[in-house]
Amino acid sequence: MTTDLDQLRADLLASIDVAAGLDALETLRVHALGKQGVVTGLLKTLGGMSPEERQSEGPRIHGLRESVTEALAQRKALLERAALDARLASETLDMTLPVDAAASGTVHPVSQVMDELAEIFADLGFSVATGPEIEDDWHNFTALNIPETHPARAMHDTFYLAGEHERPMVLRTHTSPVQIRTMTSQQPPIRIIAPGRVYRSDSDATHTPMFHQIEGLVIDKGITLGHLKWTLETFLKAFFERDDIVLRLRPSYFPFTEPSAEVDVGYTVINGKRVIGGDPRESENGGWMEVLGSGMVHPKVIAAAGLDPAEWQGFAFGTGVDRLAMLKYGMDDLRAFFDGDLRWLKHYGFSALDVPTLSGGVGA
């Protein structure tokens, strides 16, 4: 029997080694290890052997099964790799071909609007600054003159991180911490915008737990509210691509600016829809819409960043990127921005080649 097992092993391994394909290999597996296979038949004979025969022949039969099983696995892996290589060789992609606009994806409106804003503010001399989305309590609240008792620090508004930390850690509730990090890392004059994701515990048609903000900061000598108003007016005219943009500044309160102002923009109702532009004071079919919060940087914030508020002044402003996209491109539900619905993205998305430029137009 020893000679028969050795010959069977040699025959099976030789057949496996020359198997031309996965189908042929599967036929060999069934022939050897299937329910009626030759190796399976040998294993069944162990029950009728004497203890002495089983002790001598059992290891040899089991060894045969293991050798055949291992050879089958190795040959299968080799054949699958060869099939994959052949498939990859036949599915080459010519990267020099022009973009197929019909089959390509689209740029999300939030990404597009961020590019539009960066283009506009770059022309005004602003650079883009970024910061971490996980912030410490000092940068997110304390350095911005937000007192310990302020409602913004409450758990129902802010996502706090669990665990032991040197300072309480939060998912940033605004991009204002970037202003602090910029003022503490570089010397004035400073002109930056800080776009990015922010997080607050809120969700409805106009609020989501994660959304996008853009804030602006200017620190220099002799800065006044007049500079702020001119900057915002220039920015909004460029963004909405209309020269008849009219602003209204209303006194307000923010801990990090003093004085503070809410910024409204005039709109006109056309065919039942609000269209940004025009002076509501000269039309019966118009009104005001809040779009920005702004103000002169509070002296305590300037001092917290290590600068002398007697020497340096500045202004800051902030708005929601998602809200700007909704106003400009006619969307009415913020939640749809994050649903990932391909129909929505195809309707409101932008071509990858539709790069915003001031000369060609920042909008679609």
Side-chain angles (χ1 to χ4, degrees), residues 106-126 128 175 191-196 205-206 211-218 225-250 252 261-295 315-334 336-337 344 347-351 354-364:
T106 58
V107 176
H108 195 283
V110 168
S111 298
Q112 181 75 10
V113 169
M114 281 192 174
D115 287 345
E116 293 177 12
L117 297 175
E119 176 71 17
I120 292 168
F121 281 105
D123 193 59
L124 295 176
F126 287 68
V128 176
T175 53
R191 289 175 178 80
I192 64 157
I193 55 170
T206 57
F211 55 102
H212 301 83
Q213 268 193 351
I214 184 167
E215 300 202 13
L217 173 71
V218 169
L225 270 174
H227 296 111
L228 169 62
K229 186 174 185 296
W230 179 90
T231 300
L232 296 181
E233 196 170 59
T234 303
F235 146 56
L236 290 171
K237 285 181 178 180
F239 179 73
F240 289 107
E241 300 184 83
R242 296 184 62 130
D243 291 327
D244 60 347
I245 296 294
V246 179
L247 300 188
R248 181 179 70 175
L249 274 64
R250 292 180 289 106
S252 186
E262 298 279 6
V263 181
D264 301 332
V265 62
Y267 69 85
T268 304
V269 178
I270 301 176
N271 296 327
K273 293 186 177 181
R274 295 178 179 181
V275 178
I276 300 299
D279 190 340
R281 296 166 297 186
E282 300 176 357
S283 171
E284 297 181 357
N285 200 26
W288 298 98
M289 185 182 303
E290 180 185 322
V291 292
L292 287 153
S294 65
F315 64 76
F317 58 88
T319 186
V321 176
D322 317 83
R323 177 163 172 74
L324 288 179
M326 292 173 72
L327 290 175
K328 184 172 182 178
Y329 297 112
M331 307 157 191
D332 56 7
D333 193 332
L334 183 59
F337 279 59
W344 187 92
H347 179 75
Y348 287 111
F350 293 81
S351 165
D354 188 15
V355 180
T357 63
L358 292 179
S359 58
V362 294

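One-based numbering along the sequence shown. Heavy atoms only: backbone and side chains are in, while hydrogens, waters and symmetry mates are out. For clarity, every value in this text was computed on a predicted model and none was experimentally measured.
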- Query: Out of W344, F211, Y329, which residue meets the ring pair (Phe, Tyr, Trp, His ring centres under 6.0 Å) rule with F337?
  - Reply: W344
Listing, residues 231-238 side-chain donor-acceptor contacts under 3.5 Å, not counting sequence neighbours, or none:
from: T231; atom 1: OG1; to: H227; atom 2: O; distance (Å): 2.8
from: T234; atom 1: OG1; to: W230; atom 2: O; distance (Å): 2.8

- What one should report as the nearest heavy-atom pair of G293 and E262 is CA-OE1, 4.1 Å
- Task: Could you grab the distance from atom OG1 of T319 to atom NE2 of H212, nearest 0.5 Å is fine?
- Result: 13.5 Å
- Item | Note, V128 side chain near F121 side chain (heavy atom, < 4.5 Å) | no
- Query: Heavy-atom distance under 4.5 Å between the side chains of F126 and V218, does that happen here?
  - Reply: yes
- Task: Please tell me if the side chains of D264 and V291 come closer than 4.5 Å, counting only heavy atoms from C-beta onward.
- Result: no
- So do the side chains of Q112 and P356 get within less than 4.5 Å of each other, counting heavy atoms only? yes
- Item | Least distance between heavy atoms, S294 atom then L228 atom | OG-CD2, 3.7 Å
- Atom of R323, atom of M289 and distance for their closest heavy-atom approach: NH2-CG, 3.3 Å
- Task: Determine, step by step, whether H347 and M331 satisfy the side chain to side chain contact (heavy atoms under 4.5 Å, CB included) criterion, reporting the C-alpha distance in whole Å, the side-chain angles of both residues, the deciding distance to 0.1 Å, and the verdict.
- Result: CA-CA 11 Å; H347 179 75; M331 307 157 191; over 6 Å; no
- Is any side-chain heavy atom of E116 closer than 4.5 Å to a side-chain heavy atom of E241? no
- Item | Shortest non-hydrogen separation from W288 to V246 and the atoms involved | CZ3-O, 3.6 Å
- Query: More than 12 heavy atoms of other residues, nucleotides or ligands under 6.0 Å from CG of N285: is that the case?
  - Reply: yes
- Message: I need the minimum non-hydrogen distance between Y348 and F350, along with the two atoms involved.
- Response: O-CE1, 3.5 Å
- Item | Pairwise distance CG(D279) to CG(D244) - rounded to 0.5 angstrom | 9.5 Å
- Ignoring hydrogens and angles, tell me if any N or O in the side chain of T175 forms a donor-acceptor pair with the backbone of A194 under 3.5 Å. yes
- Within-4.5 Å side-chain heavy-atom neighbours: V110 and D322: yes
- Message: Is there a side chain to side chain contact (heavy atoms under 4.5 Å, CB included) between K328 and V113? Walk through the geometry before answering.
- Response: CA-CA 9 Å; K328 184 172 182 178; V113 169; 5.8 Å; no
- Where do P280 and G286 come nearest, in terms of heavy atoms and distance? CB-C, 4.2 Å
- Query: Quick one: does L117's side chain get under 4.5 Å of F239's, heavy atoms only?
  - Reply: yes
- Does I276 reach the side chain of I245, with side-chain heavy atoms less than 4.5 Å apart? yes
- Query: Looking at residues at least two apart in the chain, or sitting in another chain, which of them share a ring pair (Phe, Tyr, Trp, His ring centres under 6.0 Å) with F240?
  - Reply: none
